[in-house]
**Student:** 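The structure is given below, and queries will be raised subsequently.
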Amino acid sequence: MVVNKVWISDKSIEVKGKESENVVKSELSEDALSILFQVIFQNTGCEVSDVDGKFTIFGSPTETAILEFGLLLGAEFKEQRKDMNILKIEPFNSARKKMSVLVARPNGGKRAFCKGASEIILSMCNKVIDSKGEPIDLSDQQAKNVSDVINSFACEALRTLCLAYQDIDDSIVENNIPDNGYTLVAVVGIKDPVRPGVKNAVETCLAAGITVRMVTGDNINTAKAIAKECGILTPGGMAIEGPDFRNLSPEQMMEIIPKIQVMARSSPSDKHTLVTNLRKMGEVVAVTGDGTNDAPALHESDIGLAMGIAGTEVAKENADVIIMDDNFSTIVNVGRWGRSVYINIQKFVQFQLTVNVVALVLNFFSACISAAPLTAVQLLWVNMIMDTLGALALATEPPTNELMKRPPVARGASFITKAMWRNIIGQSIYQLIVLALLNFDGKKLLGLTGSDSTAVLNTLIFNAFVFCQVFNEINSRDIEKINIFHGMFSSWVFIGVMFITVAFQVIIVEFLGAFASTVPLTWQLWLLSIGIGSISLIVAVFLKCIPVEKKINIKHHDGYEALPSGPELA
Ligand SMILES: Nc1ncnc2c1ncn2[C@@H]1O[C@H](COP(=O)(O)OP(=O)(O)OP(=O)(O)O)[C@@H](O)[C@H]1O
Ligand SMILES: [Ca+2]
């Protein structure tokens, strides 16, 4: 943050690096400059350390920017502070949006300084300094002019603060800092450029059905200008000020909250109220924040994200995730990974349930009628495929950008979606039909005769069953999309698992007969097993064409309705 513009003695001056020193000094009278230095250096929460002429400023970014501006104009911190004695400090707080100090002047008398949110301080002033640095009455017309200056600064996305002072009669013994009667010295406009990448990150969020709202302590025009710059405020979107929001009835709040895109001049409790109400509406709410004033909202949210560098300890303690690089784009990554984990578990569960249903039904009914075709050792191997190897193959898929084009999952949505049930039931029916046909009519169909025909048939059933799972594991790579091969060959874990599964299957069938109760199969029967398994790829395509989820077409997505989904989407 840096001071970009300053308004003083009825002049707006642009501040541009070191050359501003001469510009400002030539524009201002001696007295005006002196009082400007006082409001900057007396009323600051910063500390300055001076090691071998090298200044280091410790303080909030806003405070630092103002102090740096003072130093830029050639003033010295120690020099400025040396002859005034600070009697009382009211530090900045987010609810009052101002800070004040009371000092004892060297020649007697006291002086109060106040700085803070521009409109708030302006309303506390009844005087303003003129070009000579003398206080004169602040007429209505002049107050309007200052207000226009504030708005023009704010519309340029500058954070605006007013700096003011007043002399207090020595006869007043108590050290109270007054709330009005100030003389306005300057309006400063501080620039806090939007970090690169924020606009894209907001766009990604919108496409992902995540509504981004900006809740800030800044002036409404500053907030609106910044929000427009990064794509948060859209035409027709609503911007509201904290005090107006606070005064709404609960019903009115519920009505306008979905439309709010920007909330300015908000207090910590406004942030908290917004989050509470959004959660009541069934939304999943993530909050990002850095300051202590964000702590209540961070705590109330479903996912609190605190800034790791600029964040205060209080904010971090109340958060669930700490963004180490303070970058909004990283939040998009958090969302992407969250979605990836969720969908990977869904894929795994879909795969696992299919294997379970088929193995259970096949063995149970066959056992009731004749004998169970799959032995305990074979089931153990199948269990291995689906638990360990299946989890490895499906749950390690890295997140894709496609994930950010899907709608978010509603708070109460069931984990197993209709599309998953469709795939599970469809695949199970196919596998059960084929395996039951082999089990009950296989010998006749395949012309198997001889003493080992039962052993051969049971091995074939086992082999076909395993290949159905192998191909269904490929199907499970995507729940909705028809193209399941996308990115498969670059996922070495998946390819590795496929390879190991098939290799072990060959070893079990061909060489571990005594252990797994199998007999070696002819190449024709191997081909048949693979054929039966691969047909499940075709079955999956047909299944994915059956619509199960309602399709909704929305022109402008605001995060409150599901985005359309189907085989064409990720
Ligand atoms: N140290 C300070 N002294 C006086 N006023 C301040 C100070 N810091 C900020 N302000 C005023 O308060 C407003 C910010 O209020 P607040 O800290 O509640 O908002 P925020 O959204 O948390 O801001 P930030 O971007 O600093 O995190 C600023 O626009 C400014 O006018
Ligand atoms: Ca903050």
Side-chain angles (χ1 to χ4, degrees), residues 208 321 330 332-359 378-406 409 415-417 419-420 423-424 427-428 431 462-510 512 516 526 529-530 532-541 543-544 567 569-570:
V321 180
T330 307
V332 178
N333 248 345
V334 173
R336 203 198 318 271
W337 272 97
R339 285 180 174 203
S340 167
V341 168
Y342 187 85
I343 204 154
N344 281 352
I345 299 175
Q346 276 187 324
K347 290 176 193 171
F348 175 57
V349 166
Q350 173 187 300
F351 169 67
Q352 200 175 35
L353 274 179
T354 315
V355 188
N356 271 333
V357 167
V358 177
Q378 288 168 359
L379 282 175
L380 202 69
W381 165 234
V382 170
N383 210 40
M384 273 275 295
I385 298 180
M386 61 185 202
D387 279 358
T388 323
L389 297 176
L392 263 181
L394 295 168
T396 55
E397 295 253 326
T400 61
N401 286 338
E402 245 81 284
L403 284 173
M404 296 309 266
K405 291 177 194 147
R406 302 169 58 97
V409 179
F415 182 72
I416 304 181
T417 61
M420 286 167 73
N423 297 346
I424 293 168
Q427 285 293 345
S428 303
Q431 292 183 17
F462 167 58
N463 208 27
F465 175 67
V466 167
F467 273 99
C468 280
Q469 308 326 318
V470 168
F471 283 98
N472 198 35
E473 199 159 344
I474 304 176
N475 281 332
S476 301
R477 292 191 70 241
D478 210 301
I479 295 168
E480 303 263 7
K481 238 183 173 174
I482 287 171
N483 182 8
I484 45 180
F485 298 110
H486 183 78
M488 188 174 98
F489 298 101
S490 52
S491 168
W492 63 268
V493 181
F494 192 89
I495 298 293
V497 166
M498 289 282 113
F499 180 78
I500 290 171
T501 313
V502 174
F504 266 96
Q505 182 63 16
V506 173
I507 293 169
I508 287 174
V509 170
E510 295 295 316
L512 296 178
W526 269 103
S529 312
I530 297 170
I532 291 173
S534 61
I535 290 176
S536 74
L537 294 179
I538 300 162
V539 173
V541 173
L543 289 174
K544 283 171 185 172
L569 273 176

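It should be emphasised that the depicted structure is a prediction, and the values quoted were computed from it without experimental measurement. Values reported hereafter were calculated over all heavy atoms of this structure, with side chains retained and with hydrogens, waters and symmetry mates removed.
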**Student:** Does any part of the side chain of Gln378, heavy atoms only, come nearer than 4.5 Å to the side chain of Phe465, both counted from C-beta?
**Tutor:** no
**Student:** Under the side chain to side chain contact (heavy atoms under 4.5 Å, CB included) rule, what do Leu392 and Phe494 come out as? Steps first, then yes or no, please.
**Tutor:** CA-CA 7 Å; Leu392 263 181; Phe494 192 89; over 6 Å; no
**Student:** Does the side chain to side chain contact (heavy atoms under 4.5 Å, CB included) test come out yes or no for Phe485 and Leu537, once each step is laid out?
**Tutor:** CA-CA 11 Å; Phe485 298 110; Leu537 294 179; 4.3 Å; yes
**Student:** Would you check if Ile508 and Phe462 make a side-chain contact, meaning some heavy-atom pair closer than 4.5 Å?
**Tutor:** yes
**Student:** First locate atom CD1 of Ile424, then atom CG of Leu353, and finally report the distance between them rounded to the nearest 0.5 Å.
**Tutor:** 4.5 Å
**Student:** Could you tell me whether the side chain of Ile343 reaches within less than 4.5 Å of the side chain of Arg406, counting heavy atoms only?
**Tutor:** yes
**Student:** Please report the C-alpha distance between Thr501 and Val470 in whole Å, then the side-chain angles of each, then the deciding distance to 0.1 Å, and finally whether the side chain to side chain contact (heavy atoms under 4.5 Å, CB included) criterion is met.
**Tutor:** CA-CA 8 Å; Thr501 313; Val470 168; 3.9 Å; yes
**Student:** Rounded to the nearest 0.5 Å, what separates atom CD in Gln427 from atom CG in Leu543?
**Tutor:** 6.0 Å
**Student:** Find the distance between CE (Met498) and CD1 (Ile474) and round it off to the nearest 0.5 Å.
**Tutor:** 5.0 Å
**Student:** A side-chain contact here means heavy atoms from C-beta on lying under 4.5 Å apart; do Phe471 and Ile535 qualify?
**Tutor:** no
**Student:** Nearest 0.5 Å, what's the CD-OG distance between Gln431 and Ser536?
**Tutor:** 6.5 Å
**Student:** Taking only residues two or more places apart in sequence or in another chain, which ones pass side-chain contact (heavy atoms from CB on, under 4.5 Å) with Phe489?
**Tutor:** Ile495
**Student:** Go through the steps for Asn383 and Leu379 under the test side chain to side chain contact (heavy atoms under 4.5 Å, CB included), then give the verdict.
**Tutor:** CA-CA 6 Å; Asn383 210 40; Leu379 282 175; over 6 Å; no
**Student:** Minimum heavy-atom separation for Arg339 and Ala208, please, with both atom names.
**Tutor:** NH2-O, 2.8 Å
**Student:** Using every non-hydrogen atom in the two residues, find where Cys468 and Ile532 come nearest and quote the distance to one decimal.
**Tutor:** SG-CG2, 3.9 Å
**Student:** Can you tell me how far CZ of Phe467 sits from CD1 of Ile530, rounded to the nearest 0.5 angstrom?
**Tutor:** 4.5 Å
**Student:** Are the side chain of Thr417 and the backbone N or O of Met420 linked by a donor-acceptor pair below 3.5 Å?
**Tutor:** yes
**Student:** Under the ring-ring contact (aromatic ring centres under 6.0 Å, His included) test, which residues partner Phe415, sequence neighbours left out?
**Tutor:** Tyr342
**Student:** Under 4.0 Å between a Lys/Arg side-chain N and an Asp/Glu carboxylate O for Lys481 and Glu402?
**Tutor:** yes
**Student:** Give the minimum heavy-atom separation between Lys544 and Ile484, together with the two atoms involved.
**Tutor:** NZ-CG2, 3.3 Å
**Student:** Return the minimal non-hydrogen interatomic distance between Phe351 and Gly390, and the atom names on each side.
**Tutor:** CE2-CA, 4.1 Å
**Student:** Restricting to pairs with a member in residues 388-398, which pass side chain to side chain donor-acceptor pair (under 3.5 Å), not counting sequence neighbours?
**Tutor:** Glu397-Arg477
**Student:** Do Gln505 and Trp526 have side-chain atoms, one donor and one acceptor, less than 3.5 Å apart?
**Tutor:** no
**Student:** Could you state the interatomic distance from CD (Glu473) to NZ (Lys347), rounded to the nearest 0.5 Å?
**Tutor:** 12.0 Å
**Student:** Any idea which heavy atoms bring Val358 and Ser428 closest together, and the distance?
**Tutor:** CG2-CA, 3.7 Å
**Student:** Which atom pair, heavy atoms only, marks the closest approach of Arg336 to Leu403?
**Tutor:** O-CD1, 3.8 Å
**Student:** Test Gln350 against every option in Asn475, Asn423, Asn472 by the side-chain hydrogen bond (donor to acceptor under 3.5 Å, both in side chains) rule and name the one that passes.
**Tutor:** Asn423
**Student:** Does any non-hydrogen side-chain atom of Asp478 lie less than 4.5 Å from one of Asn483?
**Tutor:** no
**Student:** If we ignore hydrogens and angles and just use 3.5 Å, is the side chain of Ser491 paired with the main-chain N or O of Met488 as donor and acceptor?
**Tutor:** no
